[in-house]
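Take a look at the structure below.
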Amino acid sequence: MSEVRIHVSNMDAFFNDAARAAARIDAGNLDAQQGEIAFESMDLLLKVLTANRWRLLRALKAAGASSIRQLAHSLKRDYRGVHADVIALIEIGLIEKDEDGRITVPWDRITAEMAITEAA
């Protein structure tokens with residue numbers, strides 16, 4: 001099962017995680033690691049992962065590889081809005097686009113971690 005964890009992280013933690021990953025690779029440990037997507041703040045996480053985008057991710061995962069037009073039609077949403085959402089989700093790595101231009105959700109599970117102590 002492929003899984004990605006979405007969370008809030010500061011730059012120091014990001015670079016510490018990157019250094020640990022590099023050390024693992026340098027040591028010859030090439031085992032697959034859980035995917036992670038980190039945001040600078042809870043505000044940014046919530047701005048990027050809107051309710052419409054969560055619905056879009058679920059619909060796309062259920063449908064499989066699709067065009068943006070097909071996805072917009074199945075969601076009963078305007079093409080422009082779906083296109084903008086897809087581009088935003090591609091940029092953060094939750095959606096991938098293949099060589100034929102079809103989009104997919106490569107993850108079987110997306111876990112969003114939100115700390116109650118983080119400022120919203």
Side-chain angles (χ1 to χ4, degrees):
M1 172 190 284
S2 60
E3 182 175 354
V4 64
R5 180 175 73 102
I6 299 168
H7 60 100
V8 174
S9 180
N10 62 37
M11 291 301 279
D12 289 337
F14 171 81
F15 285 115
N16 288 337
D17 290 345
R20 280 194 297 276
R24 263 195 323 273
I25 292 167
D26 289 344
N29 180 354
L30 302 178
D31 294 340
Q33 301 294 313
Q34 177 183 15
E36 289 192 31
I37 298 172
F39 290 87
E40 292 178 8
S41 68
M42 187 62 66
D43 286 340
L44 183 57
L45 186 153
L46 294 172
K47 181 179 179 183
V48 172
L49 295 173
T50 65
N52 270 346
R53 289 178 181 167
W54 277 114
R55 281 190 286 279
L56 184 154
L57 286 166
R58 284 193 303 270
L60 182 57
K61 185 64 179 181
S66 178
S67 71
I68 296 174
R69 189 165 307 286
Q70 289 170 325
L71 183 59
H73 178 73
S74 72
L75 292 169
K76 296 178 176 57
R77 289 185 49 203
D78 176 68
Y79 173 85
R80 281 190 202 180
V82 172
H83 182 270
D85 286 347
V86 165
I87 295 303
L89 294 169
I90 286 173
E91 287 176 357
I92 63 168
L94 290 178
I95 290 179
E96 291 180 349
K97 193 173 199 177
D98 68 18
E99 62 277 350
D100 296 326
R102 293 164 48 97
I103 52 173
T104 59
V105 176
W107 310 103
D108 295 320
R109 182 176 177 86
I110 299 171
T111 303
E113 184 177 294
M114 297 178 180
I116 193 75
T117 56
E118 284 292 327

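Heavy atoms only: backbone and side chains are in, while hydrogens, waters and symmetry mates are out. All of these numbers come straight from a predicted model, not from anything done at the bench.
Among all heavy-atom pairs drawn from Ile90 and Lys97, the shortest one is CD1-CB, 4.3 Å. The nearest pair of heavy atoms linking Ala59 to Leu75 is CB-CD2, 3.6 Å. In this structure, Leu60 and Ser66 approach most closely via the heavy-atom pair CD1-CB, 3.8 Å. Phe39 approaches Leu44 most closely through the heavy-atom pair CD2-CG, 3.8 Å.
To the nearest 0.5 Å, atoms OG (Ser2) and CZ (Arg109) are separated by 11.5 Å. Atoms CD1 and CD1, on Ile95 and Ile68 in that order, are 8.0 Å from each other to the nearest 0.5 Å. Distance check: Arg80 CZ to Asp85 CG gives 14.0 Å after rounding to the nearest 0.5 Å. Rounding to the nearest 0.5 Å gives a distance of 7.5 Å between CH2 of Trp107 and CD of Glu96. Of the inter-residue distances, the one linking Arg53 atom CZ with Leu89 atom CG reads 5.5 Å to the nearest 0.5 angstrom. Residue Ile37 holds its CD1 atom at 4.0 Å from CG of Leu94, rounded to the nearest 0.5 Å.
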task = Dump the intermediate steps for side chain to side chain contact (heavy atoms under 4.5 Å, CB included) on Leu56 and Arg77, then the final yes or no.
result = CA-CA 10 Å; Leu56 184 154; Arg77 289 185 49 203; 4.1 Å; yes
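At least one side-chain heavy atom of Glu3 sits less than 4.5 Å from a side-chain heavy atom of Thr111. At least one side-chain heavy atom of Lys61 sits less than 4.5 Å from a side-chain heavy atom of Asp108.
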Donor-acceptor pairs are to be reported for all side-chain atoms of residues 99-106 against protein atoms at under 3.5 Å, with residues two or more places apart or in another chain.
from	atom 1	to	atom 2	distance (Å)
Arg102	NH2	Ala65	O	3.0

